[in-house]
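Contents: one structure, followed by commentary.
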Amino acid sequence: MELKSQLVKKSDYLWELPPHVKKGMRVPAQVYASKKILEEIGGDKSLEQLTNVAMLPGITKASIVMPDVHEGYGFPIGGIAATAWPDGGISPGGIGYDINCGVRLLTSNLQKEDLKGRGEELAKALYAQIPSGVGKGGNIQLSEKELDKVLTLGVQWALKNGYANKEDIDKIESRGRLDNADPVCVSEYAKKRGIDQLGTIGSGNHFVEVSYVDKIFDQEVAQIFGLREGQLTILIHTGSRGLGHQIASDYMKLMVASMGKYGIEVPDRELACVPFNSQEGQQYFKSMAAAANYAWCNRQVITWEIRNAWKEFFKGKDTKLGVLYDVAHNIAKVEEHVVEGKKKKLIVHRKGSTRSFGPGHPEVTECYKSTGQPVIIPGSMGTASYVMAGTAQAMDESFGSTCHGAGRRMSRRAAQRAVNIHELEKELVGKNIFVRAGSRSGVSEEAPIAYKDIEEVIEVVHQAGLAKKIARLRPLAVIKG
DNA sequence: ATGTGC
């Protein structure tokens with residue numbers, strides 16, 4: 001029977017496939033969605049993948065997806081899989097090819113009016129300053145030894161080398177550094193691909209976007225986050241580039257080869273995993289941490305590039321740019337969660353899913369302790385993005401996780417076919433949004449119709465209590481690969 | 001996502 005028709009309604013925003021729907025499921029499969037979102041789910045392999053994930057060794061409580069779910073490599077994108085520490089499975093497919101793909105939000109001291117009539121000019125100025133595109137290198141020359149330091153130190157490297165302010169560090173998830181990173185576990189080829197890509201955006205759905213605060217939903221929290229209506233903000237969405245991609249490829253291959261040794265069987269090779277505490281598991285985890293550090297460093301160097309361009313562009317004005325927060329949405333972390341009343345140490349895979357740690361959590365930075373961590377959710381190109389806050393309910397239900405974006409509803413190819421690029425460009429200009437991109441086909445793939453409605457996705461996680469709406473941002477200028 | 005594929 002079709003999986004979708006077997007979904008059991010648990011609440012207005014939560015649906016479940018019980019373990020008996022498919023042989024081998026160890027836990028239920030859960031979908032956070034409204035009725036409207038549900039209509040768009042299941043046209044691809046995402047539900048099949050969700051139930052496959054429920055078969056992972058050591059999977060705890062449930063295999064979970066958010067309303068932005070869509071098909072991914074083995075695991076669905078928009079999902080969370082927590083396995084039992086120390087010997088539950090760790091799977092590169094549960095993290096994705098772009099290790100520590102994530103989003104950073106910068107806040108300015110300028111208002112929308114300060115940009116009036118200069119949107120296109122700003123897009124050009126930023127495009128000139130920030131390298132982008134597939135396979136593109138950047139302007140920073142690293143020696144092999146320095147690259148190893150980036151992999152080990154993350155944003156600490158950026159601070160030591162003048163690309164970061166001390167205040168930035170506290171406003172980055174895990175302070176921009178995972179200390180278990182080990183460059184020895186990273187292949188020479190992966191390093192070669194990463195050595196000249198620090199400070200670059202890449203392509204696909206990666207971007208730098210100048211936006212403004214269009215609406216505030218929670219005045220008190222917005223004030224603590226440093227947000228006010230009309231304020232210019234900047235979103236950075238990118239990850240670990242060729243380096244992370246190569247690490248993912250290297251270890252997916254290794255895990256397929258070593259899985260049998262541990263007696264692990266999974267329904268799809270793309271779910272290949274090994275015990276977290278096995279030699280291969282640890283090698284991957286240390287390598288993944290190195291890629292995560294690279295990605296945080298990448299978003300930090302891009303911040304530095306933007307700060308330089310901003311200073312020049314708004315000469316004579318208050319050009320200070322602060323970091324509101326930086327989140328990873330493709331990563332695995334060892335975390336403690338309460339499951340069935342008991343504290344448990346888990347390996348939490350988030351693939352296209354964002355941490356949403358609530359108020360008072362020890363891992364939430366001091367300045368946001370009272371509000372819960374900032375959660376930054378980018379919408380599709382030309383639509384809104386959201387700033388949310390983590391909740392206690394997310395800690396109870398979804399291992400402290402929420403969605404990561406609008407989520408595709410059309411494949412890249414389908415989008416290319418469906419979108420008339422000239423009309424799309426006209427439409428964006430009509431909305432006063434200036435896009436500067438290296439590839440026109442790349443813009444088509446990212447057209448808003450290729451994505452779900454961000455408003456609906458946000459409403460689901462807000463109503464479900466997994467994150468709280470704080471502010472909405474609207475785009476003004478976008479830089480893409 | 002990715003110097004875009006077995």
Side-chain angles (χ1 to χ4, degrees), chain A residues 44-46 49 68-79 91-104 131-138 186-198 200-208 236-253 256-257 268-270 272 287-288 290-292 294-296 298-299 302 327-332 349-354 378 380-381 404-417 437-447 450-451 479-481:
Chain A
D44 58 10
K45 285 196 281 189
S46 54
Q49 293 180 330
D68 52 344
V69 60
H70 59 102
E71 179 182 331
Y73 179 91
F75 292 61
I77 292 163
S91 174
I95 288 132
Y97 273 101
D98 190 3
I99 296 166
N100 191 4
C101 183
V103 211
R104 175 181 292 214
S132 64
V134 195
K136 278 283 163 59
V186 178
S187 70
E188 286 307 310
Y189 187 36
K191 288 181 186 173
K192 192 182 156 198
R193 286 182 71 174
I195 201 155
D196 68 342
Q197 292 190 324
L198 207 56
T200 67
I201 304 178
S203 66
N205 63 358
H206 289 167
F207 62 78
V208 167
I236 304 165
H237 180 198
T238 187
S240 52
R241 309 284 286 102
L243 178 126
H245 188 272
Q246 193 57 46
I247 290 173
S249 306
D250 290 344
Y251 280 94
M252 282 169 185
K253 219 195 255 170
V256 170
D268 178 352
R269 286 171 83 81
E270 295 181 359
S287 221
M288 183 216 73
Y294 182 94
W296 273 312
N298 189 28
R299 292 195 284 276
I302 291 171
V327 295
H329 56 221
N330 280 9
I331 203 161
H349 300 70
R350 293 191 184 84
K351 182 186 194 180
S353 166
T354 317
S380 57
M381 184 179 57
H404 86 304
R408 275 195 176 277
R409 70 167 167 209
M410 244 183 236
S411 70
R412 288 169 202 274
R413 271 178 65 108
Q416 292 245 16
R417 278 196 294 267
S439 134
R440 274 193 147 173
S441 61
V443 175
S444 307
E445 289 176 0
E446 298 307 315
Y451 284 84
I479 314 303
K480 295 179 57 58

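Protein chains get the first letters and strands the later ones, always in sequence-line order, with residue 1 at the start of each. All values below were derived from every heavy atom in this structure, side-chain atoms included, with hydrogens, water molecules and symmetry-related copies excluded.
- Comparing Asp98(A) and Val134(A) along DNA chain B, the residue whose closest nucleotide (by nearest heavy atom) sits nearer the 5' end is Asp98(A).
- Taking atom CZ on Arg241(A) and atom P on dT4(B), their separation rounds to 12 Å, with Å as the unit.
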Discussion item. Let's go through Arg413(A) and Glu445(A) carefully: what are the C-alpha distance in whole Å and the side-chain angles of both, what is the deciding distance for salt bridge (Lys or Arg N to Asp or Glu O under 4.0 Å) to 0.1 Å, and is it a yes or a no?
Written reply: CA-CA 7 Å; Arg413(A) 271 178 65 108; Glu445(A) 289 176 0; over 6 Å; no
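- The six-membered or imidazole ring of His329(A) lies near that of His237(A), with a centre-to-centre distance under 6.0 Å.
- Rounded to whole Å, atom C1' of dT2(B) lies 12 Å from atom CG of Leu243(A).
- Remark: P of dT2(B) and CD1 of Ile95(A) are 17 Å apart, rounded to the nearest angstrom.
- Using a 4.5 Å cut-off on side-chain heavy atoms (C-beta onward), Val443(A) and Met381(A) make contact.
- Distance OH (Tyr73(A)) to P (dG5(B)): 12 Å, rounded to an integer number of Å.
- For the residue pair His404(A)/Asp68(A), the side-chain donor-acceptor check at 3.5 Å is satisfied.
- Protein atom NZ of Lys136(A) is 14 Å distant from nucleotide atom P of dT4(B), rounded to whole Å.
- For the pair His206(A) NE2 and dT2(B) C1', the interatomic distance rounds to 10 Å; values are reported in whole Å.
- Contact annotation: Ser249(A) does not reach the phosphate of dT2(B) (side-chain N/O to OP1 or OP2, under 4.0 Å).
- When heavy atoms are screened at a 4.0 angstrom cut-off, Glu445(A) is found touching no nucleic acid atom at all.
- Between the CD1 atom of Ile201(A) and the P atom of dT2(B) there is a distance of 11 Å, given to the nearest Å.
- No engagement by Arg408(A) is indicated, since no non-hydrogen atom pair under 4.0 Å with the nucleic acid exists.
- In this structure, Lys253(A) atom NZ and dT2(B) atom C1' are separated by 15 Å, rounded to whole Å.
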